Student: 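Quick one: the structure is below, questions incoming.
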Amino acid sequence: MRILFIYPKMKLSLTTSNMPPTAVLSLASFMKREGHEVRIYERTIDSKSILQTLKEFEPDVVVCTLMFLQQIPDMQTCCQKIRALYPDVPILCGGLTASFMPESILLEGLADYVGIGEGEYTLLELIEVVNGLREPASVQSLVYLDLNGQPVHTAQRPFADLSDFPDTDFSLLPMGKYFVYYPVAPHTLTAIASKGCPYKCTFCFNAAYHHCQYRSRTRESVMREIETLVSEYGADGFVFIDELWGFDKNELRGYCKDIAALSMKLKKPIRWFCETRIGVLTLDDMKHMVDAGCWGIIYGLESGSPEILERIKKGYPLSKIETDVNNCKVVGLESWLNIIFGFPGETSAQIKQTVHTIFRLNPTIYGSGLFCALPGTAEYNDLVLSGKLHPPKSLADWPKQTTRQFFERNYSAISDRELKVIHYFFFLRLLFQNRKDQRTDRLQFIKLGLWRVIDSIGQKGFFEFLGTVVRTFLYVVWYNFAFPKIRKKYDLYGRNFGRKDWDDLKHLDIE
């Protein structure tokens with residue numbers, strides 16, 4: 001059976017790059033192993049039209065993966081055109097975001113079935129349904145409409161053993177179009193060694209999607225994939241996009257040993273970084289990682305306020321943050337801290353603690369974001385129950401609601417204007433960091449900027465890229481220079497990076 005996998009496009013900002021759709025690659029690789037003919041239509045990089053793609057491949061089934069809210073408009077366009085041109089071709093939908101809004105997708109007629117959660121075995125059984133070999137009610141983790149047009153939810157499917165899945169077949173996508181430039185690794189791609197996380201952060205989808213279960217892939221499979229991407233596709237670096245890298249310490253040591261061995265085998269240094277949680281990695285762990293080519297760690301700091309950290313269930317004190325960032329500096333790792341401003345009920349004093357914590361820690365790099373309640377998270381459910389947020393009535397309103405949360409309404413105790421001034425202060429410093437310890441070579445930094453420009457133009461087109469630059473410039477300039485009283489209130493001055501004597505931190509658990 002011919003299966004066409006569609007990955008809808010979404011708008012990319014200046015600070016983000018298009019990553020290969022790992023979930024789609026996994027699904028397509030699995031179905032190819034099971035004897036089906038597959039093709040991935042990745043809308044961000046594929047210039048062909050839907051009609052041209054359908055005529056060329058003539059699929060028996062279309063699978064549309066919806067991972068992000070921002071993909072909804074393009075998903076609607078794709079599904080509506082398929083319905084009009086090929087009404088007899090079944091459309092199946094799945095993915096992270098689809099798992100939290102299956103009824104909307106079905107009731108708007110965009111798909112015949114929606115899979116919930118991990119989709120490999122669900123899709124395999126759905127193909128049997130399409131072939132008339134079984135009833136949809138027998139397929140676990142599925143939502144469909146009955147004869148009366150009412151949604152039917154089947155029983156939840158147990159998680160599969162990740163060792164049952166085949167190695168990723170990278171030939172299904174032009175991997176060279178997904179390179180991200182970093183000075184230490186100009187051709188960086190993604191890798192994934194595990195799924196899920198045992199923690200229950202209230203703003204994260206993990207509890208609803210992965211049910212707080214941590215599962216590892218086989219290290220042998222992951223290393224085969226890394227070797228393939230280096231030797232056959234020209235990669236020289238990786239970012240492990242696991243929700244929680246390094247949780248299994250035996251696996252951590254094993255990966256460090258294997259990556260170092262692979263570098264020696266290929267006579268080519270492999271540089272990599274990862275994303276993990278504060279308190280997971282020890283100083284000894286970091287030393288092993290550096291020896292294996294690791295150059296940075298991304299931490300989800302989120303807040304510098306003990307009250308907010310407790311409320312969002314991060315489960316660690318500020319002293320642990322200080323320890324991890326200092327350990328990174330000791331071993332020579334770059335530390336990247338992601339911050340979220342504007343949690344529901346967050347006060348100016350709590351936000352000021354976060355600002356001062358960032359100044360005090362003075363990490364290599366940091367990312368500032370505004371709080372947005374995403375469907376499937378505890379924060380979203382709490383806001384709905386309290387009547388402060390109402391679920392959209394139509395599928396098209398979901399991304400609009402997200403935009404409104406960012407730019408029109410916030411749930412904190414401070415004003416929208418204050419939040420934006422704080423956010424764009426850190427955004428500007430992220431774009432133009434100029435400390436000697438944050439990059440090794442000015443020419444490399446310029447190359448990084450030029451590469452990002454070229455990459456963005458290639459993904460967006462020149463005029464969309466230019467519009468993004470102009471809008472970003474206006475936002476950054478306006479909020480950094482038009483409100484000096486707000487900057488003074490929150491001590492938003494570049495000279496404060498590295499300063500440690502903040503009064504609001506003296507009573508906390510840091511020295």
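For the numbers below, each heavy atom of this structure counts, side chains included, while hydrogens, waters and symmetry mates do not. Please read these numbers as outputs of a predicted model, since none were measured by experiment.
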Student: With sequence neighbours left out, write down each residue that passes side chain to side chain donor-acceptor pair (under 3.5 Å) with W336, or none if nothing qualifies.
Tutor: E334
Student: My understanding is that only residues two or more places apart in sequence, or in another chain, count here; which of them pass side-chain contact (heavy atoms from CB on, under 4.5 Å) with C64?
Tutor: I6, P8, M75, C79
Student: Regarding S305 and E307, do their side chains bring together a donor and an acceptor under 3.5 Å, going by distance alone?
Tutor: yes
Student: Which residues pass the salt bridge (charged side-chain N to carboxylate O under 4.0 Å, His left out) test with E128, sequence neighbours left out?
Tutor: R134
Student: Return the CD1 to CE distance between I241 and M19, rounded to the nearest 0.5 Å.
Tutor: 5.0 Å
Student: Should the pair F165 and Y121 be assigned to parallel (<30°), tilted (30 to 60°) or perpendicular (>60°) ring geometry?
Tutor: tilted
Student: Under 6.0 Å from the CD atom of Q213, do we count more than 12 heavy atoms belonging to anything else shown?
Tutor: yes
Student: Apply salt bridge (Lys or Arg N to Asp or Glu O under 4.0 Å) to K313 and E379, showing your working.
Tutor: CA-CA 11 Å; K313 298 184 179 180; E379 293 288 350; over 6 Å; no
Student: Quick one: CD on E125 to OG on S138, what's the gap to the nearest 0.5 Å?
Tutor: 6.5 Å
Student: My understanding is that only one of Y214, F240, F238 makes a ring pair (Phe, Tyr, Trp, His ring centres under 6.0 Å) with W245; could you say which?
Tutor: F240
Student: Please check: side-chain N/O of K500 versus main-chain N/O of R360, any donor-acceptor pairing under 3.5 Å?
Tutor: yes
Student: Which pairs would a plain distance check flag for residues 106-120, meaning a side-chain donor or acceptor within less than 3.5 Å of a matching protein atom at least two apart in sequence or in another chain?
Tutor:
from : atom 1 : to   : atom 2 : distance (Å)
E108 : OE2    : L395 : N      : 2.7
D112 : OD1    : R83  : NH2    : 3.3
D112 : OD2    : R83  : NH1    : 3.2
D112 : OD2    : R83  : NH2    : 3.4
D112 : OD2    : I91  : N      : 2.8
E118 : OE1    : R215 : NH1    : 3.4
E118 : OE2    : K195 : NZ     : 2.9
E118 : OE2    : R215 : NH1    : 3.4
E118 : OE2    : R215 : NH2    : 2.8
E120 : OE2    : S26  : OG     : 2.5

Student: Listed by chain and number, what are the side-chain contact (heavy atoms from CB on, under 4.5 Å) partners of N496, not counting sequence neighbours?
Tutor: F359, D491, Y493, R499, W502
Student: Please enumerate all residues that pass side-chain contact (heavy atoms from CB on, under 4.5 Å) together with E243, with sequence neighbours excluded.
Tutor: C197, F205, H210
Student: In chain order, what residues pass the salt bridge (charged side-chain N to carboxylate O under 4.0 Å, His left out) check against E225, with sequence neighbours excluded?
Tutor: R217
Student: Salt bridge (charged side-chain N to carboxylate O under 4.0 Å, His left out) with D285: which residues, sequence neighbours excluded?
Tutor: K249, R253
Student: Among F341, F427, F497, which residue meets the ring pair (Phe, Tyr, Trp, His ring centres under 6.0 Å) test with Y366?
Tutor: F497
Student: Check salt bridge (charged side-chain N to carboxylate O under 4.0 Å, His left out) between R487 and all other residues, then give those that pass, not counting sequence neighbours.
Tutor: none
Student: Identify, with sequence neighbours excluded, every residue that meets side-chain contact (heavy atoms from CB on, under 4.5 Å) alongside H423.
Tutor: S368, L370
Student: Side chains of T354 and S303: do they bring a donor and an acceptor to under 3.5 Å?
Tutor: yes
Student: Return the set of residues passing side chain to side chain donor-acceptor pair (under 3.5 Å) with S194 (not counting sequence neighbours), or none when no residue passes.
Tutor: D242
Student: Excluding sequence neighbours, so at least two apart, what forms side chain to side chain donor-acceptor pair (under 3.5 Å) with S415?
Tutor: E418
